[in-house]
Amino acid sequence: MVIIGAGAAGMMCAIEAGRRGRRVLVIDHAKAPGEKIRISGGGRCNFTNIHAGPKNFLSQNPHFCKSALARYTPRDFLDLVERHGIAWHEKTLGQLFCDHSAKDIIAMLLKEMREAGVELRLSTEVTAIDRAAGGGFRIGTSNGPCDAAALVIATGGKSIPKMGATGFAYRIAEQFGLRLVETRPALVPLTLDPQALGLHEGMPGVSVEAVAGHGKAEFREAMLFTHRGLSGPAILQISSYWREGDDITLHLQPDLDVVAVLAAARATNGRQAVQTVLAEHMPRKLAQLIVRQTGIDGPVAAVPGYRFAALAEHMRRWKIRPAGSEGYRTAEVTLGGVDTDELDSRTMAVKSVPGLHFIGEAVDVTGWLGGYNFQWAWASGHAAGQAA
Ligand SMILES: Cc1cc2nc3c(=O)[nH]c(=O)nc-3n(C[C@H](O)[C@H](O)[C@H](O)COP(=O)(O)OP(=O)(O)OC[C@H]3O[C@@H](n4cnc5c(N)ncnc54)[C@H](O)[C@@H]3O)c2cc1C
């Protein structure tokens, strides 16, 4: 069998198929395997999330991911990591990272591949894929053609073209007449129009805890003001749900009882300015921004209680309409992809093309930020590796 793409999903698929005794060839156009693993999680790879379940994924069919996720769990991957003696830690919210380096995960996968007898061909371009006369596939490559009874497409999505992301999987899907769910950058910083940016003057670099919301989706994490708009985990998460023209809502400093803090300040020292009191509980620049936006400032003693409530409400329901996103250049993942209706959820096989499989990010299953996307890559790769 041939797997195109030596990323997270392709390598896991190769290991599983090789262990089953299949002759496996993995082809990649890059010089090195697992490049996204290498740069992931700030170089430490957030390799899974112990809480990963179907609720953490976006897809037109939210049930599709259930089977693969249930049959290869975060615990299964963690067992593999521990068998290789790789030290790890939980950072926050169930996110597991390497203590040392993401390269440990790549080395682990390569060792497993070698032990499973998998052949890896790097720096190899795929020039054509055709159905072979007697069934199976003929794959044309820059190093000559090869034949395979089963073909797995594991070439990921469109994010970070600089790293060789090509949209190849979608072209192959189209070649075989498969439906695609529209793709868009996800887990991506959002941009603001110049006028809104002007209102946020002085804010780039300021980070604050927030609940970012869009529709029913809500994420409570840090957010960051940037020179072009908003970023940080809360914004990346909500970017997967946001659409052009929509607002997002922000609840800034959700643990802060603004009314109580201002009332207490009034009782102890009424001459303090509202901005000064707020700045004791949040970055000074954010306090300045809130006061500017609401027009509520001056000595706390001079501000009526109902205006404290208005200020708290402003911080609870801050609406922002992003102008756009930073796009595939910085997006961590691609939303959409091969329509899951085309695939068997147990094997990732294309229902209408025997022997053809799609796995990983190429499929219309997209995880939240926090180790979920790798868990999907491992689980879908494992599912195809057991069947192909
Ligand atoms: C900066 C960054 C940080 C991230 N951090 C995390 C994290 O910490 N945790 C997490 O869960 N997820 C993270 N992600 C997301 C995660 O990296 C992806 O979801 C995951 O790598 C998808 O795995 P995949 O195997 O489907 O695709 P990829 O890992 O993208 O692998 C695809 C492979 O196919 C090859 N390929 C592409 N086109 C061709 C072609 N035409 N011919 C031959 N080969 C081709 C590529 O070279 C690559 O090796 C991060 C993403 C980015 C960009």
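Scope of the values below: all heavy atoms of this structure, side chains included, with no hydrogens, waters or symmetry mates. All ligand and atom numbering here is 1-based and tracks the order in the structure.
- With 3.5 Å as the limit, one finds no donor-acceptor pair spanning the side chains of H251 and E218.
- Every atom of ligand 1 with a heavy atom of G360 under 4.0 Å away is listed here by number and element: 26 (O).
- Distances from atom 12 (N) of ligand 1 to the heavy atoms of F47, F374, F168 put F374 nearest.
- Using the six-membered ring where Trp is involved, H314 and W318 have ring planes that are tilted, between 30° and 60° apart.
- Rounding to the nearest 0.5 Å gives a distance of 10.0 Å between CD1 of I4 and CZ of F137.
- Atom 14 (N) of ligand 1 has E332 OE1, 3.8 Å as its closest protein atom, hydrogens excluded (heavy atom only).
- There is a side-chain donor-acceptor pair under 3.5 Å between E221 and Q237.
- In summary, E115 and R19 do not engage in a salt bridge, as defined by a charged side-chain N under 4.0 Å from a carboxylate O.
- Counting heavy atoms closer than 4.0 Å to ligand 1, residue I160 contributes side-chain atoms (C-beta onward) but none from N, CA, C or O.
- By the 3.5 Å distance cut-off applied to N or O atoms, A331 is not counted among the residues near ligand 1.
- Taking distance alone, with nitrogen or oxygen atoms compared against 3.5 Å, V333 stays at or beyond that limit from ligand 1.
- Residues L230 and L224 are not in side-chain contact: their nearest non-hydrogen atoms beyond the backbone lie 4.5 Å or more apart.
- Side chain to side chain, N143 and T124 meet the donor-acceptor criterion of an N or O pair below 3.5 Å.
- Ligand 1 places these atoms under 4.0 Å from at least one heavy atom of N46: 7 (C), 8 (O), 9 (N), 10 (C), 11 (O).
- Looking at atom 27 (O) of ligand 1, its nearest protein heavy atom turns out to be G156 CA, 3.4 Å.
- Side chain to side chain, S345 and K66 fail the donor-acceptor criterion of an N or O pair below 3.5 Å.
- Within ligand 1, counting atoms from 1 as listed, the ones closer than 4.0 Å to a heavy atom of N373 are 11 (O), 12 (N), 19 (O).
- The nearest protein atom to atom 31 (O) of ligand 1, hydrogens excluded, is given as G7 CA, 3.3 Å; this is a heavy-atom distance.
- Every N/O-N/O distance between I4 and ligand 1 stays at or above 3.5 Å.
- If you check the side chains of S159 and E361, you find a donor sitting under 3.5 Å from an acceptor.
- Assignment of S159 to the shell around ligand 1 is not supported, since no heavy atom sits closer than 4.0 Å.
- Here the heavy atom of the protein found nearest to atom 6 (C) of ligand 1 is S40 CB, 3.6 Å.
- Contacts between Y372 and ligand 1, counted as non-hydrogen atom pairs separated by less than 4.0 Å, involve the backbone only.
- D147 is not listed as a side-chain neighbour of V2, based on a closest heavy-atom distance of 4.5 Å or more.
- Among C45, G5, A154, the residue whose heavy atom lies closest to atom 32 (C) of ligand 1 is A154.
- No salt bridge links K351 with E342; every basic N to acidic carboxylate O contact stays at or beyond 4.0 Å.
- Using a 30° and 60° split on the angle between ring planes, F219 and Y241 fall in the tilted class, from 30° to 60°.
- Of all the listed residues (A9, G167, C13), A9 holds the heavy atom that lies closest to atom 24 (P) of ligand 1.
- Atoms of ligand 1 found under 4.0 Å from any heavy atom of A30, numbered from 1 in the order shown, are 47 (O).
- Regarding atom 44 (N) of ligand 1, its nearest protein heavy-atom neighbour is H29 N, 3.3 Å.
- At the top of the distance list for atom 22 (C) of ligand 1, counting protein heavy atoms only, stands E361 OE1, 3.5 Å.
- With hydrogens and angles ignored, the 3.5 Å screen pairs a side-chain donor or acceptor of T268 with a backbone N or O of A265.
- Annotation: atom 47 (O) of ligand 1 to nearest protein heavy atom, D28 OD1, 2.7 Å.
- Contacts of T166 with ligand 1, taken as heavy-atom pairs under 4.0 Å, involve the side chain alone.
- Given atom 1 (C) of ligand 1, the protein heavy atom at minimum distance is I39 CD1, 3.5 Å.
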_side chain to side chain contact (heavy atoms under 4.5 Å, CB included), that's the test. Do R114 and L110 meet it? Break it down for me._
CA-CA 6 Å; R114 273 194 305 277; L110 287 175; 4.0 Å; yes
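- Using a 4.0 Å cut-off to heavy atoms of G371, the atoms of ligand 1 that qualify are 9 (N), 10 (C), 11 (O).
- Near G41, the atoms of ligand 1 lying under 4.0 angstrom from a non-hydrogen atom of the residue are 5 (N), 8 (O).
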